[in-house]
Amino acid sequence: MAKEFKPKARLPRGLVDRTGAELSATRAMLEKIRAVYALYGFEALETPAIEYTDALGKFLPDLDRPNEGVFSFQDDDEQWLSLRYDLTAPLARYVAEHFEQLPKPYRSYRAGYVFRNEKPGPGRFRQFMQFDADTVGAPSVAADAEICMMAADTLEAVGIPRGAYVVKVNNRKVLDGVMEAIGLGGDENAGRRLTVLRAIDKFDKFGAEGVALLLGPGRKDESGDFTKGAGLDDRQAAVVLAMLTGKGVRATDVGVEVELDDVQLAAALAGNAAFQEGMAELNDIRTLLAAGGYQDRVKIDPSVVRGLEYYTGPVYEAELTFEITDETGRPVRFGSVAGGGRYDGLVARFRGEKVPATGFSIGVSRLLAALAFLGKMDADAEVGPVVVLAMDKEPARIADYMKMVSELRANGIRAEMYLGGAGMKAQMKYADRRGAPAVIIQGSNEKDAGEVQIKDLVEGARIAAGIADNAEYRAARPAQFAVKESEMIAAIRDVLERRAAPSLGLDD
């Protein structure tokens with residue numbers, strides 16, 4: 001006889017299970033984010049997790065097959081479908097499909113899981129949640145400035161204090177202009193451009209000296225590992241560093257000043273249309289931020305790169321500035337929790353005409369981890385149900401317990417009756433594992449007296465922790481008391497009101 005196959009219970013790599021407390025905290029945080037988005041006039045939109053692969057486009061690292069970087073499959077008519085890897089590409093498809101019916105600008109927000117077919121690692125998952133807000137149809141950088149202001153307000157709304165974060169803004173036109181000025185324009189230099197952009201992205205971490213090495217021959221870290229550089233010469237590297245440090249390249253009220261020792265390169269940069277346009281847009285954004293009172297929370301930062309290919313103008317990143325310690329105990333910055341930018345060419349893939357758009361995306365799991373680090377999330381915050389113990393198993397008594405549960409629920413109190421077959425000790429253990437704030441007990445004696453016993457499990461645990469021996473514990477009968485059946489609802493409400501716990505997992 002063939003042996004019965006039993007699958008191994010295991011979770012695929014790069015995926016996680018989430019339980020009650022984390023889910024409650026996530027719901028509360030999402031609601032606070034949603035409230036800020038709604039305050040700014042954005043409306044909700046939901047798109048499906050599966051799109052046609054060609055509609056998503058190829059904006060993740062990929063080779064020839066359509067499922068490199070994304071999870072893809074073919075349906076029964078041999079059409080390629082993919083799980084979405086972000087929430088922006090599906091938005092572009094939706095706007096293009098309903099373009100004539102939508103108000104322009106179209107302002108929407110979306111929350112949902114996205115999927116990456118990539119190698120998982122610490123803090124890097126194959127499924128994770130994002131919460132996006134986008135404005136489609138607004139060509140002015142005022143829309144970009146507003147998105148940055150909203151990002152700042154959102155971080156404060158969920159509990160990140162002012163001074164513990166910064167929203168950094170740059171412009172891909174500036175970066176593109178610098179690449180052209182140093183001779184790295186064109187498709188043939190795509191690989192070297194990527195290496196230069198990665199070096200720029202390390203400016204906060206390594207400073208000008210470290211970036212100079214990455215732009216040139218390469219850099220060896222403290223462990224001895226060597227990172228190959230972009231191979232720029234001193235003249236080319238000087239232009240990139242001038243942009244990063246602001247020494248020699250700056251925006252003014254009347255345009256852009258370029259002062260470099262190399263007159264030829266300075267002229268190339270000053271005469272580059274993309275560079276000039278990008279710097280002018282950054283200057284306009286700076287003015288708008290100051291007018292709104294956000295100049296201390298949103299900063300122009302030339303080291304912001306952003307990786308996706310579809311960004312065409314301003315790009316931004318929300319970074320938490322407080323320090324945490326790594327596995328070796330060294331202090332490190334918490335880093336980015338949100339980012340985005342302008343993508344004027346994404347909807348054009350469908351319509352063949354330029355449709356301006358800008359938006360940003362919050363990494364929900366990473367932001368939640370930051371709140372936990374700051375003590376803004378209670379890991380044990382989800383309040384379990386009040387549990388009515390089944391002391392007697394006769395049908396008439398089960399009906400009594402069910403009536404109690406119904407009364408509790410009718411009064412807005414989360415409750416359940418114990419439905420297992422175990423005795424009182426196991427039922428109490430069950431209530432404890434469920435995080436129940438209290439249990440209701442009614443044996444035959446209590447029934448005859450028209451009473452119920454209520455045991456406050458939170459208070460009982462607190463008192464029991466300070467009692468030295470079993471005799472003292474039995475004498476105290478901590479946090480357990482009898483009330484008339486007619487007083488049960490009021491007594492339970494009193495217990496719940498005394499329970500000191502943040503609402504839904506966020507410490508207000």
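Hydrogens, waters and symmetry mates play no part in the numbers below; they use all other heavy atoms, side chains included.
In the displayed structure, K104 atom NZ is contacted under 6.0 Å by more than 12 heavy atoms of other residues, nucleotides or ligands. For Y113, the OH atom counts as densely surrounded, since its 6.0 Å shell holds more than 12 non-hydrogen atoms of other residues, nucleotides or ligands. Few gaps surround NZ on K393; more than 12 heavy atoms of other groups in view lie less than 6.0 Å from it. For E46, the CD atom counts as loosely surrounded, since its 6.0 Å shell holds 12 or fewer non-hydrogen atoms of other residues, nucleotides or ligands.
A donor and an acceptor atom, one from each side chain of Q442 and E451, are nowhere located under 3.5 Å apart. Looking only at atom types and distance, the side chain of R27 has a donor-acceptor partner in the side chain of S24 under 3.5 Å away.
Between A438 and I454, the shortest heavy-atom contact is CB-CG2, 4.5 Å. In plain terms, the two heavy atoms of A55 and F350 that are nearest each other are O-CZ, 3.4 Å. Nearest heavy atom pair, residue V158 against residue L371, reads O-CD2, 3.3 Å. The shortest heavy-atom contact between L457 and A431 is CD1-CB, 4.1 Å. Contact between A338 and S336 at its shortest, heavy atoms only, is O-OG, 3.3 Å. Contact detail for A436 and V387: the closest heavy-atom pair is CB-CG2, 3.9 Å.
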> Please walk me through it: do I398 and M417 pass side chain to side chain contact (heavy atoms under 4.5 Å, CB included)?
Replying inline: CA-CA 9 Å; I398 294 297; M417 183 184 78; 3.9 Å; yes
>> Run the side chain to side chain contact (heavy atoms under 4.5 Å, CB included) test on N117 and L83 for me, step by step, so that the C-alpha distance in whole Å, both residues' side-chain angles and the decisive distance to 0.1 Å come before the verdict.
In response: CA-CA 9 Å; N117 186 7; L83 292 176; over 6 Å; no
>> Show, in sequence, the C-alpha distance, side-chain angles and deciding distance for E100 and R351, and conclude whether the salt bridge (Lys or Arg N to Asp or Glu O under 4.0 Å) test is met.
In response: CA-CA 11 Å; E100 303 304 331; R351 293 188 55 81; 3.6 Å; yes
> Can you list the steps and then say if E317 with R306 is a salt bridge (Lys or Arg N to Asp or Glu O under 4.0 Å)?
Replying inline: CA-CA 8 Å; E317 204 160 74; R306 301 299 298 165; 3.0 Å; yes
>> If you apply the rule side chain to side chain contact (heavy atoms under 4.5 Å, CB included), what do you find for I362 with T154, and how did you get there?
In response: CA-CA 10 Å; I362 291 176; T154 299; 3.6 Å; yes
>> Quick one, F128 with F115, criterion ring pair (Phe, Tyr, Trp, His ring centres under 6.0 Å). Give me CA distance, side-chain angles, the key distance, then yes/no.
In response: CA-CA 7 Å; F128 53 94; F115 307 87; 8.5 Å; no
> Yes or no on side chain to side chain contact (heavy atoms under 4.5 Å, CB included) for V167 and K299, after CA distance, side-chain angles and deciding distance?
Replying inline: CA-CA 6 Å; V167 180; K299 301 285 189 180; over 6 Å; no
> Can you check side chain to side chain donor-acceptor pair (under 3.5 Å) on R84 and S82, steps first, answer last?
Replying inline: CA-CA 6 Å; R84 62 192 179 196; S82 295; over 6 Å; no
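Taking the charged nitrogens against the carboxylate oxygens, R162 and D296 have no contact shorter than 4.0 Å, which rules out a salt bridge. A salt bridge does not link E118 to R13: none of the charged nitrogens lies less than 4.0 Å from a carboxylate oxygen. The existence of a salt bridge linking E51 and R93 is confirmed by a sub-4.0 Å separation between a basic side-chain nitrogen and an acidic carboxylate oxygen.
Checked by atom type and distance alone, the side chain of D400 never pairs as donor or acceptor with a backbone atom of K403 at under 3.5 Å. Checking side-chain atoms of R409 against main-chain N and O of A415 turns up a donor-acceptor pair under 3.5 Å. A donor-acceptor pair under 3.5 Å is formed between the side chain of Q427 and the backbone N or O of A422. Put simply, the side chain of D75 gets close to the backbone of D77: a donor and an acceptor are under 3.5 Å apart. Between the side chain of T321 and the backbone N or O of A164, at least one donor-acceptor pair lies under 3.5 Å. Using modelled atom types, no side-chain atom of D494 and backbone atom of A490 make a donor-acceptor pair closer than 3.5 Å. A side-chain donor-acceptor contact under 3.5 Å links R10 to the backbone of K8.
D392 is not listed as a side-chain neighbour of K447, based on a closest heavy-atom distance of 4.5 Å or more. Looking only at side-chain heavy atoms (C-beta outward), E446 and Q453 come within less than 4.5 Å of each other. Under the 4.5 Å side-chain criterion, counting only non-hydrogen atoms from C-beta, T88 is in contact with D132. In this structure the side chain of K484 never reaches within 4.5 angstrom of the side chain of V452, judged on heavy atoms. Looking only at side-chain heavy atoms (C-beta outward), V305 and N170 stay at 4.5 Å or farther from each other. Residues F42 and M150 are in side-chain contact: their nearest non-hydrogen atoms beyond the backbone lie under 4.5 Å apart. Put simply, the side chain of D344 does not reach to within 4.5 Å of the side chain of V355, judged on heavy atoms. Counting only heavy atoms from C-beta outward, the side chains of L389 and I440 never approach each other to under 4.5 Å.
Annotation: the span from M424 atom CE to M428 atom CE amounts to 6.0 Å, rounded to 0.5 Å. Separating the CD atom in Q130 from the OG atom in S361 is a distance of 3.5 Å, to the nearest 0.5 Å. The CG atom of L288 sits 10.5 Å away from the SG atom of C148 when rounded to the nearest 0.5 Å. Atom CG of L87 and atom CZ of R110 lie 6.0 Å apart (nearest 0.5 Å). Taken from CD in Q101 to NE2 in H98, the straight-line distance is 7.5 Å, to the nearest 0.5 Å. To the nearest 0.5 Å, the span separating CD on Q295 from OG1 on T287 amounts to 11.0 Å.
Ring planes of Y109 and F131: tilted class, angle from 30 to 60°.
Under the side chain to side chain donor-acceptor pair (under 3.5 Å) criterion, Y401 pairs with R397, sequence neighbours left out.
Evaluation of the ring-ring contact (aromatic ring centres under 6.0 Å, His included) test over residues 416-436, restricted to residues two or more places apart or in two chains, returns Y418-Y430.
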Side chains of residues 138-146: which donor-acceptor pairs under 3.5 Å do they make with residues two or more places apart or in other chains?
unit_1: S140; atom_1: OG; unit_2: A142; atom_2: N; d: 3.0
unit_1: D144; atom_1: OD1; unit_2: Y316; atom_2: OH; d: 3.4
unit_1: D144; atom_1: OD1; unit_2: R342; atom_2: NE; d: 3.4
unit_1: D144; atom_1: OD1; unit_2: T358; atom_2: OG1; d: 2.7
unit_1: D144; atom_1: OD2; unit_2: R342; atom_2: NE; d: 3.0
unit_1: D144; atom_1: OD2; unit_2: R342; atom_2: NH2; d: 3.0
unit_1: E146; atom_1: OE1; unit_2: R107; atom_2: NH1; d: 3.0
unit_1: E146; atom_1: OE1; unit_2: R107; atom_2: NH2; d: 3.2
unit_1: E146; atom_1: OE2; unit_2: R107; atom_2: NH2; d: 3.2

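For F99 and Y106, the ring centers are positioned 6.0 Å apart or more. For Y85 and F71, the distance between ring centers is not under 6.0 angstrom.
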